[in-house]
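See structure below.
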Number of protein chains: 2
Amino acid sequence: MDGKTAAKPDQAAMASPRRAPSQQRSRERVERMLAAASALIAEQGSDAMRMGEVAERAGVSIGSLYQFFPDKRAIVWALAERYTAESQACIAAALKDVGDAEGLKRAFSELVDIYYRLFLAEPVMRDIWSGTQADKALRELELADSRANAEFLVAVLKRLRPAADPVQLETTAFLVWQMGEAAVRLAISVDRQEGDRLVAAYKRMALRELVGE
Amino acid sequence: MDGKTAAKPDQAAMASPRRAPSQQRSRERVERMLAAASALIAEQGSDAMRMGEVAERAGVSIGSLYQFFPDKRAIVWALAERYTAESQACIAAALKDVGDAEGLKRAFSELVDIYYRLFLAEPVMRDIWSGTQADKALRELELADSRANAEFLVAVLKRLRPAADPVQLETTAFLVWQMGEAAVRLAISVDRQEGDRLVAAYKRMALRELVGE
DNA sequence: TTGCAAATGTGAGGATTTATCACATTTGCA
DNA sequence: TGCAAATGTGATAAATCCTCACATTTGCAA
């Protein structure tokens, strides 16, 4: 009798739209949905975001919302995915041409600052990556992102220290990157002054590890 | 005053029992509720934990559950609070008698291992501290815990490096501690081998920072 | 242009879950 | 013993998520 009670499609594709918008009209509507969700998250946090409110603010019906997003988390995921794609491009660009230790120092420090400022300024990002851990799909996205970013760092390190053990470099880069995210998240949750100190301390620590000494 | 109301006066208290159990009977029932919640969290995660199920498994009515816990999060908070109290005592003890750099190295390394193993073995702890960020009360508990633990570390550092800037030590200890938590959380979310490498790398990094080279 | 299938749009309502409340029972104690 | 406070109960109000049967619009082949 259950019929469709089996609503547990929890495998892959956690986030692809239930249906991809193929017409211009629907593509614009999906944009409006995401914009509405983004605004609501900025105002109240993703947890308090209500699907009905998203639909209303986007000027669509609740049914339309679910036509393109399988569930509530998928909306948050879609926003998160945009942020990571954007920042990955930024990171790749910043590290691409690093050739020596001095260059790494400069580029890394710059990236950390950008990331810190981004978190300070973007409530949506803050919210999404704070709640990360609770959501399996988001956690995986973050891990994948972190690994990808670490790879850019590894590429640089391999150039600077060709003799070093690759596995070691890999581990170091991954750890340094994840800790950077942790440091920034910590920094924004305390007052600005202490936050600045924490970020500065992280930079020192990370660079000591990356460029040795 | 009554026996073990370890909770503080509930002004800001997000989570103190709606009503403190004063009779032996109710104290036992509250224990059963917490035990049931703990088991359910271990099985399915705190998000999937249902209040009705907690009540049923504890052998009490849903009403009784709400008599002692104002809401669902309060149950998770109560469990989290126990863990932090326990671990804080453990940490304080381990760092209490550290007198030199060698001792710090040994004690710190030991603590990280304990923490790592704890997270590997305790699904409840893993769940609680993964979802931390999403819940304001839990986030505050974690920050307070981290600060408290950092204090123990600061006490040691002041003994080892009396000339250092206290604010600097404070910042370093706090950061190192938070990163330890981040490192362990990262380590348990990847395969065991990589996790071990990450924890080892963290230890090296942290100790280099703490005992300076 | 016309007709039609696919894409898209809608919102009432099913299903689930949290939390409350009025009332019943038990306990501690004067 | 009697009674007030503590405790116990579960139907049910309230809040949300998400589905579904049906309506409308669009793209395009004939």
Side-chain angles (χ1 to χ4, degrees), chain A residues 1-10 14-34 36-37 40-41 44-78 134-135 137, chain B residues 1-3 5 14-34 36-37 40-41 44-78 134-135 137:
Chain A
M1 352 208 4
D2 59 84
K4 84 292 270 357
T5 338
K8 293 280 189 173
D10 53 9
M14 209 53 242
S16 45
R18 159 160 307 184
R19 173 171 218 160
S22 74
Q23 301 177 4
Q24 179 64 21
R25 170 182 51 142
S26 54
R27 245 175 277 129
E28 281 165 3
R29 294 178 113 237
V30 166
E31 281 311 308
R32 284 218 307 281
M33 295 173 201
L34 286 174
L40 285 169
I41 290 173
Q44 335 166 334
S46 56
D47 219 50
M49 177 187 88
R50 301 291 164 228
M51 294 301 268
E53 224 174 336
V54 173
E56 188 186 21
R57 196 178 287 212
V60 304
S61 69
I62 184 76
S64 285
L65 198 51
Y66 279 96
Q67 189 113 81
F68 298 99
F69 299 97
D71 55 33
K72 187 174 167 177
R73 301 182 320 171
I75 294 186
V76 178
W77 197 93
D135 187 290
Chain B
M1 322 347 205
D2 44 19
T5 339
M14 289 303 289
S16 49
R18 158 161 305 186
R19 174 171 216 159
S22 76
Q23 301 177 3
Q24 178 65 20
R25 171 182 52 142
S26 55
R27 245 175 277 130
E28 280 165 3
R29 293 178 113 237
V30 167
E31 281 310 309
R32 285 218 307 281
M33 296 173 201
L34 287 173
L40 285 168
I41 291 173
Q44 335 166 333
S46 57
D47 218 49
M49 177 187 88
R50 301 294 167 225
M51 294 301 267
E53 224 175 336
V54 173
E56 188 185 23
R57 195 178 288 213
V60 304
S61 69
I62 182 78
S64 284
L65 198 51
Y66 279 96
Q67 188 114 66
F68 297 99
F69 299 97
D71 56 33
K72 186 175 168 177
R73 300 181 322 169
I75 294 185
V76 178
W77 196 93
D135 185 290

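To find a chain, count down the sequence lines: A is the first, B the second, and so on, and within it residues start at 1. Quick caveat: nothing in here was measured; it's all calculated off a predicted structure.
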| For the pair made of CG in D47(B) and C1' in dT17(C), what is the distance, rounded to whole Å? | 12 Å
| query | Expressed in angstrom and rounded to an integer, what is the separation of Q24(A) atom CD from dG27(D) atom P? | reply | 10 Å
| message | Could you identify the nucleotide paired to dC29(C), looking across every strand shown and requiring Watson-Crick or G-U wobble geometry with both distances under 3.5 Å? | response | dG2(D)
| task | Identify, between G63(A) and M51(A), the residue whose nearest nucleotide on DNA chain D lies closer to the 5' end. | result | M51(A)
| query | Quick one: Q23(A) CD to dT24(D) C1', roughly how many Å, whole number? | reply | 12 Å
| Whole-Å distance separating the CD atom of Q67(B) from the P atom of dT26(C) | 15 Å
| request: Looking at every strand, decide which applies to S22(A) at a 4.0 Å heavy-atom threshold: base, sugar-phosphate, or nothing. | output: sugar-phosphate
| From L65(B) CG over to R32(B) CZ, what is the distance, rounded to the nearest 0.5 angstrom? | 12.0 Å
| query | Among dG8(D), dT8(C), dT10(C), which is the nearest nucleotide to the side chain of F68(B)? | reply | dG8(D)
| query | To the nearest angstrom, how far is M33(A) atom CE from dT8(C) atom P? | reply | 10 Å
| note | d(E53(A) CD, I62(A) CD1) to nearest 0.5 Å is 11.0 Å
| To the nearest Å, how far apart are M49(B) CE and dA19(C) P? | 10 Å
| field | dT12(D): pairing nucleotide in any strand, Watson-Crick or G-U under 3.5 angstrom | value | dA19(C)
| said: Please classify the nucleic acid contact of S26(A) as base, sugar-phosphate, or nothing, using heavy-atom distances under 4.0 Å. | reply: sugar-phosphate
| message | Minimum heavy-atom separation for F68(A) and S26(A), please, with both atom names. | response | CZ-CB, 3.7 Å
| message | Could you tell me how far apart R29(B) (CZ) and dA6(D) (C1') are, to the nearest whole angstrom? | response | 12 Å
| Which sits closer to the 5' end of DNA chain D, R25(A) or Y66(A), going by the nucleotide each is nearest to? | Y66(A)
| Nearest-0.5 Å distance that lies between atom OG in S46(B) and atom NZ in K72(B) | 7.0 Å
| remark: In whole angstroms, the gap separating C1' of dT16(D) from CG of D71(A) amounts to 13 Å
| remark: Value for CZ (R50(B)) from CD (E56(B)), rounded to nearest 0.5 Å, stands at 14.0 Å
| field | Pairwise 5' ranking along DNA chain C for I62(A) and A48(B), keeping only the more 5' one | value | I62(A)
